[in-house]
Chemist: 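Below: one structure in structure tokens.
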Amino acid sequence: MNVQSPCAFVPRKIVLSSDQLPENVREDYTPAGTYNGAAQWTSSGTPGQGELFTIRWTGSQWEIVYNKYGTFATNNSGSITNLPCTGWGGFGALTLSGGCGALVNPDAPNVSITPSSQTIPGGQSATLTASGADTYLWDTTPASSKSIISVSPTRTIAYSVTGTTNGCTGTATVTVSCVPPTVYTVTGGGSYCTGGRGVAIGGWAATPSTA
């Protein structure tokens with residue numbers, strides 16, 4: 001399935017070179033959409049001859065396709081997120097430069113979360129502030145699109161937010177822990193009335209324990 005996403009690859013020009021290839025192959029290759037979920041690049045072609053060369057991901061390896069005669073170079077040392085610069089089979093000295101390597105979008109937002117506190121007493125709340133993107137979406141229930149939210153966990157919970165800038169997304173996660181309230185157990189002796197049990201005035205002790 002083809003995936004159309006502005007963040008699937010770095011939209012950079014790629015230069016293909018080789019001492020063993022004709023001049024019309026050794027051209028600049030520019031982004032031309034996607035193929036099998038990865039970016040593909042096409043050459044400018046030789047004017048007047050209708051020749052076109054495409055670098056694309058087959059689903060298991062990279063290939064360079066000549067529109068007149070089909071595939072003429074392959075490379076299985078990369079992956080869908082890594083376009084190899086060297087190791088192309090069939091032409092020895094064939095190399096890519098100027099845009100090969102890890103297909104990571106440098107424009108993806110660097111999203112972060114700043115909590116007012118990562119440990120809060122039971123019944124209290126903490127403020128989480130997201131930054132680094134234009135818009136946000138928290139994984140809370142219900143979901144929130146605000147950059148600042150308030151949470152009141154009753155246990156340790158991880159909160160995540162997805163930030164978006166120019167169609168590119170980044171995520172961040174923070175953990176907020178809840179400290180249970182202290183429960184006091186009162187012990188002592190004596191009686192308030194005949195037959196009853198309680199704490200004698202002036203002689204009691206409170207022992208804290210956690211719930």
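Along the sequence shown, residues are numbered consecutively beginning with 1.
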Chemist: Is the closest side-chain heavy-atom distance between Asp28 and Ile14 below 4.5 Å?
Modeler: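 Asp28 does not reach Ile14 side chain to side chain.
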Chemist: Taking the side chain as every heavy atom from C-beta outward, state whether Trp88 and Ile64 have any atom pair closer than 4.5 Å.
Modeler: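 SC-SC contact between Trp88 and Ile64 confirmed.
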Chemist: Is the side chain of Gln61 donor-acceptor paired with the backbone N or O of Ser77 at a distance under 3.5 Å, no angle test?
Modeler: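 Looks like no, no N/O pair under 3.5 Å.
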Chemist: Any non-hydrogen side-chain atom of Asn67 less than 4.5 Å from a side-chain atom of Val65?
Modeler: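 No, every pair of side-chain atoms sits at 4.5 Å or beyond.
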Chemist: So if I apply the side-chain hydrogen bond (donor to acceptor under 3.5 Å, both in side chains) rule between Ser160 and each of Thr173, Thr171, Thr140, which one comes out positive?
Modeler: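 Single pass found, and it is Thr173.
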Chemist: Does Gln40 use its side chain to pair, donor to acceptor, with the backbone of Tyr35 at less than 3.5 Å?
Modeler: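 No: the side chain of Gln40 does not pair with the backbone of Tyr35.
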Chemist: Within the distance-only criterion (no hydrogens, no angle test), does the side chain of Asn36 pair as donor or acceptor with the backbone N or O of Thr58 below 3.5 angstrom?
Modeler: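 Indeed, once roles are kept as given, a pair shorter than 3.5 Å links the two residues.
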Chemist: Compare all side-chain heavy atoms of Thr175 with those of Ile157 and state whether any distance is below 4.5 angstrom.
Modeler: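 No - every pair of side-chain heavy atoms lies 4.5 Å or more apart.
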Chemist: Evaluate the side chain to side chain contact (heavy atoms under 4.5 Å, CB included) criterion for residues Ile149 and Thr129: first the C-alpha distance (whole Å), next the side-chain angles of each, then the deciding distance (0.1 Å), finally the verdict.
Modeler: CA-CA 7 Å; Ile149 64 171; Thr129 303; over 6 Å; no
Chemist: Please determine whether side chain to side chain contact (heavy atoms under 4.5 Å, CB included) holds for the pair Thr42 and Tyr29, giving the CA-CA distance in whole Å, both sets of side-chain angles, and the decisive distance to 0.1 Å.
Modeler: CA-CA 5 Å; Thr42 58; Tyr29 290 72; 5.5 Å; no
Chemist: For Thr164, is there any backbone N or O sitting under 3.5 Å from a side-chain donor or acceptor partner on Asp134?
Modeler: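 Side chain of Asp134 to backbone of Thr164, a donor-acceptor pair under 3.5 Å: no, none is there.
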Chemist: Is the side chain of Thr156 donor-acceptor paired with the backbone N or O of Ser177 at a distance under 3.5 Å, no angle test?
Modeler: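 A pair under 3.5 Å: no.
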Chemist: Please name the pair of heavy atoms, one in Gly101 and one in Cys85, separated by the smallest distance, quoted to 0.1 Å.
Modeler: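 So the minimum-distance heavy-atom pair works out to N-SG, 3.8 Å.
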Chemist: For Trp138 and Lys146, indicate whether the former's side chain and the latter's backbone hold a donor-acceptor pair under 3.5 Å.
Modeler: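 Yes, Trp138 side chain to Lys146 backbone: donor-acceptor pair under 3.5 Å.
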Chemist: Out of curiosity, does Val111 fall in the hydrophobic cluster containing Ile148 (side-chain heavy atoms, cut-off under 4.5 Å, transitive links)?
Modeler: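 No: no chain of side-chain contacts under 4.5 Å links Ile148 to Val111.
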Chemist: Mark yes or no for whether Trp62, through its side chain, and Thr74, through its backbone, hold a donor-acceptor pair below 3.5 Å.
Modeler: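 The answer is no, because no donor-acceptor pair under 3.5 Å joins these two groups.
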Chemist: So does Phe53 get a backbone contact from the side chain of Ser43, meaning a donor-acceptor N/O pair under 3.5 Å?
Modeler: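 The answer is yes, because a donor-acceptor pair under 3.5 Å joins these two groups.
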Chemist: How about Ile120 and Pro153: do any of their side-chain heavy atoms sit closer than 4.5 Å?
Modeler: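 In short, these two side chains touch, coming nearer than 4.5 Å.
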Chemist: Test Asp139 against Val161 for side chain to side chain contact (heavy atoms under 4.5 Å, CB included), laying out the working first.
Modeler: CA-CA 6 Å; Asp139 67 346; Val161 66; over 6 Å; no
Chemist: Does any part of the side chain of Ile55, heavy atoms only, come nearer than 4.5 Å to the side chain of Leu96, both counted from C-beta?
Modeler: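 Side-chain contact under 4.5 Å: yes.
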